[in-house]
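First the structure, in the form of structure tokens, and then the observations on it.
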Amino acid sequence: VSVGAQQSEYGIVIEPGALERTGAITRRAVSRKARRVALISNRTVFDLYGGVVEKSLKALGFEVLVFLIGDGERFKNLRTLSSALDFLTTQRLERSDVVLALGGGVVGDLAGFAAAVYMRGISLIQVPTTLLSQIDSSVGGKTGVNVTSGKNLVGAFHQPSAVVIDPLTLRTLPERELTAGWCEAVKHGAVGDRDLFDKTVSLLKAKPQSPERMARKLSALIAAQCAFKASIVAEDPRESAERADARSRKILNFGHTVGHALEAATRYKRFRHGEAVGYGMLAAGEISKRLGLLNPDGLRLLSTAVQACGPLPTTRGISIPDVIQLLKHDKKSAGGEIKWVLLKGIGQAKIVSGKEIPKDLLLASLQNAFQFQL
Ligand SMILES: NC(=O)c1ccc[n+]([C@@H]2O[C@H](COP(=O)([O-])OP(=O)(O)OC[C@H]3O[C@@H](n4cnc5c(N)ncnc54)[C@H](O)[C@@H]3O)[C@@H](O)[C@H]2O)c1
């Protein structure tokens, strides 16, 4: 991945068994002076994969210091960040040393932010272990934490020195986490690339296969997904407020406007983020169709793809007027105006101002999208 004007470059290694090569990959990616690695993870992931990662780092001469955070989104906060920074400080990590994030997006965002601000930035290795983090959050350099008034409101851009992706880690991932990850994979295809969309859907429908075959096919798909994300990030590394074209980083928010509102309407208890994005994509698809941007076949393809991701929690009991009210708080709005990411076709995004979407059209679109149940 080559990012931005400073030409910061890093490699993404994707292969079954890659965890065993973490030490070698880290050694090549960071300063020759690096001696110590602060391995940040949580208990769940560390118990499963900490041993192999630690062993491979030690084999390459690194001293490994382990810091575990709580498991869950609620631990992605300033208090956890502060204790992680205390850990790095008391262990006297030096400028040439390394932070390694082993886990899903929560660990990656928090450890990444700690690496971004400790001594104004030290090297970071991302070792993502959820589907979402393997295709999305570990690539692109966004790091951060949640604060009381909102998610991801405090953070920094800090590109990793390398990303190590082992698809075999997905074998232990709970089913709902896989569904959430698949929804984000469908999102990438839907906004960016028809070929990526087709590849994603065909692998989704091909389940189940032998674990080895699946891991090989998954590696190829994760690579295609990362390449897509990297291509968007390379051109718009800091999500420029000025850009609203079909290749701007904003298109990655497809499904997120309604998704965030659904999460907020259910107090972040009912949906995994990716599941809410599943409904959000259907809502954006409906709006696109009703505005005459997307043809009915395109919407059908999108619905089939979302269905193939896995069962989504029910939307029963959620008030649509409440969701519409919550849309106004979307943090991606500019000057108080919602910027909708819609579709002109599968693989073709278009950013549309909220002013161009009549209220009754929005209401009818949400009604239709939320009726979708498996
Ligand atoms: N930085 C970015 O660009 C970006 C992009 C998208 C999302 N995010 C962030 O990512 C976070 C969500 O990440 P997530 O979906 O990976 O959730 P997560 O990190 O909470 O992981 C989900 C659950 O799976 C467990 N787990 C992780 N790997 C496992 C494995 N291999 N086997 C068994 N269990 C495993 C975790 O312990 C956790 O309980 C959110 O905070 C979101 O804001 C960041």
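Here, residue 1 is the first one in the sequence, and each next residue gets the next number. Read the numbers this way: they start at 1 and go in the same order the structure lists the ligands and their atoms.
Taking the charged nitrogens against the carboxylate oxygens, D136 and K229 do have a contact shorter than 4.0 Å, which makes a salt bridge. Ion pair D245/R243 flagged as a salt bridge, since at least one NZ, NE, NH1 or NH2 atom sits closer than 4.0 Å to an Asp/Glu carboxylate oxygen. A salt bridge links E337 with K355; the closest basic N to acidic carboxylate O contact falls under 4.0 Å. For the pair D166 and R21, the salt-bridge criterion is not met [side-chain N within less than 4.0 Å of a carboxylate O].
Comparing G155, G274, G105, S137 by heavy-atom distance to atom 8 (N) of ligand 1, the nearest is S137. Atom 37 (O) of ligand 1 has its nearest heavy-atom neighbour, among D109, V277, D71, in D71. Looking at T172, V233, T143, it is T172 that brings a heavy atom closest to atom 32 (N) of ligand 1. Nearest-residue assignment for atom 26 (N) of ligand 1 (options D166, N42, V139, V45; heavy-atom criterion): V45. Between K76, H256, E239, R43, it is K76 that holds the heavy atom closest to atom 42 (C) of ligand 1.
Residue-level proximity to ligand 1 for T44 is carried by the side chain, the only part with a heavy atom below 4.0 angstrom. When non-hydrogen atoms are compared, ligand 1 lies under 4.0 Å from the side chain of E177 (C-beta onward) but not from its backbone. Here L48 has side-chain heavy atoms under 4.0 Å from ligand 1, and that is the only part of it that gets that close. Only the side chain of L132 comes within contact range of ligand 1, with a heavy atom under 4.0 Å; no backbone atom does. The residue L170 has no part lying near ligand 1, judged by heavy-atom distances below 4.0 Å. Of all the heavy atoms of E184, none lies under 4.0 Å from any atom of ligand 1, so neither backbone nor side chain is involved.
Here is the list of ligand 1 atoms found below 4.0 Å of a heavy atom in Y49: 31 (N). Applying the 4.0 Å criterion to heavy atoms of T169 picks out, from ligand 1, the atoms 30 (C), 31 (N). For ligand 1, the atoms sitting less than 4.0 Å from at least one non-hydrogen atom of T130 are 14 (P), 16 (O), 21 (O), 27 (C), 28 (N), numbered in the order shown with element in parentheses.
Put simply, the residue from L132, V201, I135, L203 that forms a side chain to side chain contact (heavy atoms under 4.5 Å, CB included) with W182 is L203.
Heavy-atom contacts from other residues, nucleotides or ligands closer than 6.0 Å to NZ of K350 number 12 or fewer.
Note on ligand 1: R171 sits outside its first shell, no heavy atom being nearer than 4.0 Å. Judged by the shortest distance from any of its heavy atoms, K229 lies inside the 4.0 Å radius around the atoms of ligand 1. Under a 4.0 angstrom heavy-atom cut-off, H273 registers as lying outside contact with ligand 1.
With a 4.5 Å cut-off on side-chain heavy atoms, S248 and I351 count as touching. Side-chain contact check for K142 versus E239: some heavy-atom pair is nearer than 4.5 Å. Residues E275 and R270 form no side-chain contact, since every pair of their non-hydrogen atoms from C-beta on lies 4.5 Å or further apart.
For a threshold of 3.5 Å applied to N or O pairs, the pair formed by T129 and ligand 1 contains at least one separation below that value.
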### Query
Between V107 and V45, is a side-chain contact (heavy atoms from CB on, under 4.5 Å) present by the stated rule, with each step listed?
CA-CA 10 Å; V107 167; V45 180; 6.0 Å; no
### Task
Tell me, with the steps shown, if R27 and F62 meet side-chain contact (heavy atoms from CB on, under 4.5 Å).
CA-CA 9 Å; R27 189 39 92 200; F62 289 109; 3.5 Å; yes
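In terms of protein heavy-atom proximity, atom 18 (P) of ligand 1 is nearest to V106 CG2, 3.9 Å.
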